[in-house]
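Okay, structure first, notes after.
Numbers here are sequence positions counted from 1. The figures here come from the full heavy-atom set of this structure, side chains too, leaving out hydrogens, waters and symmetry mates.
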Amino acid sequence: MKSQDIRSQFLTFFKNKQHDIVPSAPMVLKDDPTLMFVNSGMAPFKEYFLGNAQPKNNRITDSQKCLRVSGKHNDLEEVGYDTYHHTLFEMLGNWSFGDYFKNEAIAWAWELLTEVYGIDKNILYVTVFEGSKEDKLPMDQEAYDLWKSFISEDRILMGNKKDNFWEMGDQGPCGPCSEIHVDIRSAEEKAKVDGKTLVNMDHPQVVEIWNLVFMQYNRKANGSLEVLPQKHIDTGMGFERLCMVLQGVQSNYDTDVFTPIIREIETIANKPYGENEDVDVAIRVISDHVRAVAFSIADGQLPSNTGAGYVIRRILRRAIRYSFTFLDQKEPFIYRLVDVLSKKMGEAFPELKSQKQLIENVIKEEEQSFLRTLDQGLVLLNRIVEESNSDTISGQKAFELYDTFGFPIDLTALILREKGLQLDEAGFQSEMKKQKDRSRAASEMSTEDWIILKEDTVQEFVGYDLLETNVKITRYRKVISKKDGEMYQLVFNLTPFYAEGGGQVGDKGYLEDSHGDVVYILDTKKENNVIIHFTKNLPKDLNGTFKASVDEKQRRRTESNHTATHLLHQALREVLGVHVEQKGSAVHSKYLRFDFSHFSKMTAEELSDVENFVNARIDGKLQLQEQRSIPMQMAIDEGAIALFGEKYGDTVRTVRYGKSMELCGGTHVKNTADIWYFKIISEGAVASGIRRIEAITNDAVKAYYQDHDRAFFEIKGLLNNAQEPVKAIQNLQTENADLKKHIESLLKEKAKNLKGDLKDELTEINGVQFLAKKIDLDASGIKDLSFELGQQYDNLFLLFAAETDGKALLSCYVSKELVASKGLNASSIVRELGKFIQGGGGGQPFFATAGGKNPDGIGQALEAARGYLNS
Ligand code: ATP
Ligand code: MG
C-alpha cells in the first residue's frame with residue numbers, strides 16, 4: 001500500500017466515526033513560551049485540554065507534522081544511526097475532547113490495525129501503565145481489562161512511568177497511556193528470542209507504533225498532579241513506522257516516504273545506499289534532515305542565529321557535516337533534494353510546492369556559507385596543529401574553533417585522529433559547560449502556579465472597540481527572570497489590551513482602582529489563548545474592579561503602522577508580482593518592518609511606485625471593513641490572503657480596505673486617512689530570496705521630514721544661502737577637483753626642483769652616496785623622489801625626514817647593491833632611528849618608513865644616520 005493511501009485510510013476511518021479531519025497545524029509555534037516546535041500531535045490542541053477554548057467538534061482526526069529536536073523530546077542524535085527515529089515525522093491522531101474515553105479509543109485502534117490495515121495480531125504487543133508510587137497512582141486496570149478482550153494476556157505488558165505515562169513538557173496536561181508495539185522480525189529470529197523481552201528495548205524491528213494517551217491530569221509547576229475537569233483521548237501513531245509495517249520492510253528509510261529522496265542522493269553523490277555503514281548513516285541523516293529543514297522554512301522559520309531558527313540551522317549543518325565527511329560533497333547539494341521532496345509530499349502539504357524556490361534558495365545559501373566555514377576551519381585547524389608542539393590539541397583551542405567559527409567538534413576530532421593526533425575532550429567539555437552555565441544564568445526564569453481568584457470563562461478581547469473598560473482580575477502568578485527581575489502576570493475577565501501577536505506589539509497602559517491607585521501594564525502577551533498582562537506590582541485589592549486603560553497614543557501609532565503594512569503587502573504584489581509572500585512582520589508604534597519573498601534588490605523606481613501606491617490608498621480615505629468571525633473557507637473564497645505557517649481557528653477575522661483583504665487579528669485604523677502618510681526608509685536583504693522593507697507613517701513621517709528640513713537648512717546656511725544648493729554643491733565639487741589637480745602638479749614641480757638641489761648635496765663617504773635631510777614633501781612625494789634618485793645613482797643611502805601636522809616621518813632608501821655589500825637594511829634602520837621620533841615602522845631592506853609623534857627628534861635621527869656608514 002502506498003504511503004498516501006495509508007494516510008488517507010487512517011483519516012477516513014475516523015471520519016466515519018464522526019471525527020472532523022483537520023489539516024496539520026504549523027510545526028513552528030508562535031505563542032507558546034514553553035515549546036519551540038510541535039513535538040506531538042497534541043501540542044496544537046493544548047488549549048482544548050486545558051479548557052481555555054472549545055473545539056467546534058469534540059472529535060478530531062489529523063496528521064500532524066512533529067519535530068523532536070529540542071527540549072523534553074529530543075531524538076536528534078539518534079537520527080541516522082537507527083532506522084525508526086526522525087527529526088520531522090508525521091503523527092496520525094484521533095482526538096476526543098471530553099467525549100469518548102478508553103473504551104472506544106482501544107476498540108477503534110484495534111479495529112483499524114487488524115481489520116482495516118490487516119495487521120496480524122500475532123505480531124502485536126500492548127503495554128499498560130503499572131502505576132507510580134511517586135505520583136500515588138494505581139495501575140491502569142481499566143485499560144488492561146479492555147485490552148484483554150482483543151489480545152491474549154501474555155501479549156499485554158506492564159510499563160513504567162517513563163514509557164507509559166505521557167507528558168508533553170514539565171507542566172501541562174498528561175496521563176497514563178497504552179502503547180502498541182510491532183515485532184517484524186523473521187520467524188527464525190522470533191524462535192530464538194521471545195519478542196516480549198524486546199519491547200521497549202530499542203530493537204530496530206520491535207518498535208512502538210501507536211500510543212493511546214488517556215489524558216486525565218494536569219502537571220503543576222510544583223510537580224504535583226491535579227485532575228482535569230474532563231477526560232480526553234490523545235493518540236499518536238508514527239506514520240513512517242506504520243508505513244514500514246504495512247509495506248513489509250525493515251526500516252522507515254525503505255518505505256516510499258524516503259526511497260525517492262535516497263535514490264536522488266545516491267545519484268548526485270554517486271554512492272550506493274546499503275554497502276557501507278558510514279555512507280548509509282550519512283544518507284539517512286541527509287534524507288531525514290532535508291525534510292525537517294524544508295518544512296520549517298515553509299512554515300516561515302528560516303535558519304538563523306537565535307531560538308527556533310538556530311535549531312533549524314543546526315539540523316541543516318548536521319546534514320552538511322555528514323555529506324562533507326562521508327559523501328565527499330564539497331559543493332552545495334542538499335538543496336537539490338527539495339525538488340523530489342516537494343513532488344512526493346506536495347499533495348499532502350501544499351506549502352512545500354508553493355514555496356519550493358524559496359526553500360531551495362535558503363538551503364543553498366546556508367550550504368554555501370557553512371561550507372566556507374568548514375574550509376576556513378580546516379585552515380585554522382591546520383595552523384593550530386602546526387603551532388602546537390604536543391600531540392594533544394588543547395580543548396580550549398578546539399572550543400575557540402567551535403565557538404567563534406562554528407567549526408564542529410566532531411569534525412575537529414576526526415581530522416586530528418586522521419593526523420595521528422588527539423583532542424583534549426575533557427578540556428573541550430569543560431569549556432562547553434562554562435559557556436552553558438553562563439547562558440543559563442542569563443536566561444533563568446521561574447514561573448509559579450496560577451492563583452485563581454475567579455473561575456474564568458473564556459476571556460474576551462474588547463480592544464477592537466474600546467480602549468478603556470472596567471475589568472476584574474481572574475488569576476495571577478509571579479514570574480522571576482534574570483532579565484526582568486520579579487514580575488506579575490495578570491489575567492482579566494475581559495480586556496481592552498491587545499496581546500502581542502501577528503507581528504503587532506502588545507499594548508501598554510494602566511489599571512486604576514476605585515481609590516485612584518494605579519498599576520502600570522508594561523506589556524501584554526498571549527500564552528496559547530490566554531491574554532496575559534505584565535506588571536511590576538500587584539494592585540492592593542486583587543478582588544476589586546479596575547478601570548483598565550490602554551496607552552492611546554502608542555496604540556494609534558501602532559494601528560497606523562499595521563494598516564500600512566497591509567497596504568504595503570498589497571502594493572508589493574501589485575508592483576513586483578504575486579510571487580511576493582509575507583515572511584514576517586513587526587508592527588511597532590514607531591515603525592513597521594515587512595519581510596517578503598522576492599529575488600532581487602528593488603529599484604528606486606519600484607520603491608517609489610510602492611510608496612505612491614500606498615499613499616494613493618491613504619488619500620483615497622478607505623474605510624475599514626471587518627468581519628470578526630467568518631468561516632475560514634468563506635474568507636479565502638472572498639479573496640483574503642492567508643499565510644502558510646499561521647494557525648487559524650475554524651472562524652477567522654478579515655480586515656479589508658478597498659481591495660486589500662487579509663486574515664488578521666491585529667488592530668487597525670478606522671480609515672486609511674488616519675495613516676496620514678507612508679514613507680519607506682530602507683530596503684535590503686535578510687536572507688537569500690527574502691527582502692525587508694522598513695517604513696514609517698503618521699507622526700514619525702513628520703519627525704523624519706523635520707529632521708531632513710533641519711539638515712537642509714544647515715547645508716544651505718553653509719552654502720551662504722545659495723538659491724540653488726544642489727548646483728552650489730556641484731560647483732564646489734568641480735572646484736575641489738580642479739584644485740586637487742593643481743596641487744598635484746605643483747608638488748611634482750617642487751619635487752623636480754628639489755631633486756636638482758639635492759643632487760648637489762650628496763656626499764660620498766666610504767664609496768656610498770649619502771644624504772640625510774629634512775624636506776618639505778609628503779610621504780608619497782618622498783618615496784617618488786627617493787626612487788628617482790635611486791635610478792640615477794648607484795650606492796645610494798638616503799634618509800629623508802618630514803614633519804606634517806605635528807607628526808614626524810622618516811624614510812630610508814638603500815640601493816640594492818648596498819644591502820648586499822654593506823649589510824645596510826632600511827627596515828632595521830628606520831626601526832632603530834624611529835626611537836628618536838618616538839615611533840616605529842618598517843618595510844623592506846631597500847625602502848622603509850617610520851612615523852612618530854616627536855618631530856623634535858628629527859635632527860637627532862638625521863645626525864645618527866651617518867653612523868651607519870662609519871664601519
Ligand atoms: P520511542 O520510544 O520509540 O522514541 P515515544 O515513546 O517517544 O517513542 P510517543 O511520544 O508516544 O513516542 O509518540 C507517539 C508515536 O510517534 C510513537 O508511537 C511512534 O510511532 C512515533 N514517534 C515518536 N518519536 C518518533 C520519531 N522521532 N520519529 C518517528 N516516529 C516517532
Ligand atoms: Mg521517544
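Listed for the E367 side chain is a donor-acceptor partner under 3.5 Å among the backbone atoms of Y335. The main-chain N or O of N94 is found under 3.5 Å from a side-chain atom of T235 such that the two form a donor-acceptor pair. In this structure, N361 contributes its side chain and Q357 its backbone to a donor-acceptor pair below 3.5 Å. Using modelled atom types, no side-chain atom of D256 and backbone atom of K2 make a donor-acceptor pair closer than 3.5 Å. Here the side chain of D82 pairs a donor or acceptor atom with the backbone of H85 at under 3.5 angstrom. Side-chain N or O atoms of S24 include one that pairs as donor or acceptor with a backbone N or O of K65 at under 3.5 Å. Judged purely by atom type and a 3.5 angstrom limit, E266 uses its side chain to pair as donor or acceptor with the backbone of Y273. Judged by distance alone, with hydrogens and angles left aside, the side-chain atoms of N39 form no donor-acceptor pair with the main-chain N or O of H73 at under 3.5 Å.
Below 30°, between 30° and 60°, or above 60°: for F14 and F10 the angle between ring planes is between 30° and 60°, a tilted geometry. Below 30°, between 30° and 60°, or above 60°: for W95 and F49 the angle between ring planes is between 30° and 60°, a tilted geometry. Taking the six-membered ring where tryptophan is involved, the planes of Y591 and H588 are essentially parallel, since the angle between them stays under 30° and well short of 60°. F599 and H579 have parallel rings, their planes meeting at less than 30° on a 0 to 90° scale where 60° marks the start of perpendicular. Ring geometry, Y253 versus H86: the interplanar angle exceeds 60°, so the pair is classed perpendicular (tilted spans 30 to 60°).
At a threshold of 4.0 Å, the pair E683-R691 counts as salt-bridged, since one of the basic side-chain nitrogens sits closer than that to a carboxylate oxygen. Taking the charged nitrogens against the carboxylate oxygens, R291 and E240 do have a contact shorter than 4.0 Å, which makes a salt bridge.
Residues passing the side chain to side chain contact (heavy atoms under 4.5 Å, CB included) test with P260, sequence neighbours excluded: V340, K344. Under the ring-ring contact (aromatic ring centres under 6.0 Å, His included) criterion, F349 pairs with F295, sequence neighbours left out.
No side-chain heavy atom of E366 sits less than 4.5 Å from a side-chain heavy atom of F370.
H289 pairs in a side chain to side chain donor-acceptor pair (under 3.5 Å) with only one of the listed residues (R284, R317, R318), which is R318.
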### Query
Could you go step by step and tell me if T667 and Q504 meet the side-chain hydrogen bond (donor to acceptor under 3.5 Å, both in side chains) rule?
CA-CA 8 Å; T667 66; Q504 183 178 333; 2.9 Å; yes
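Note that R692 lies outside the cation-pi zone of F596, set by a 6.0 Å cut-off to the ring centre and a 45° limit from the axis.
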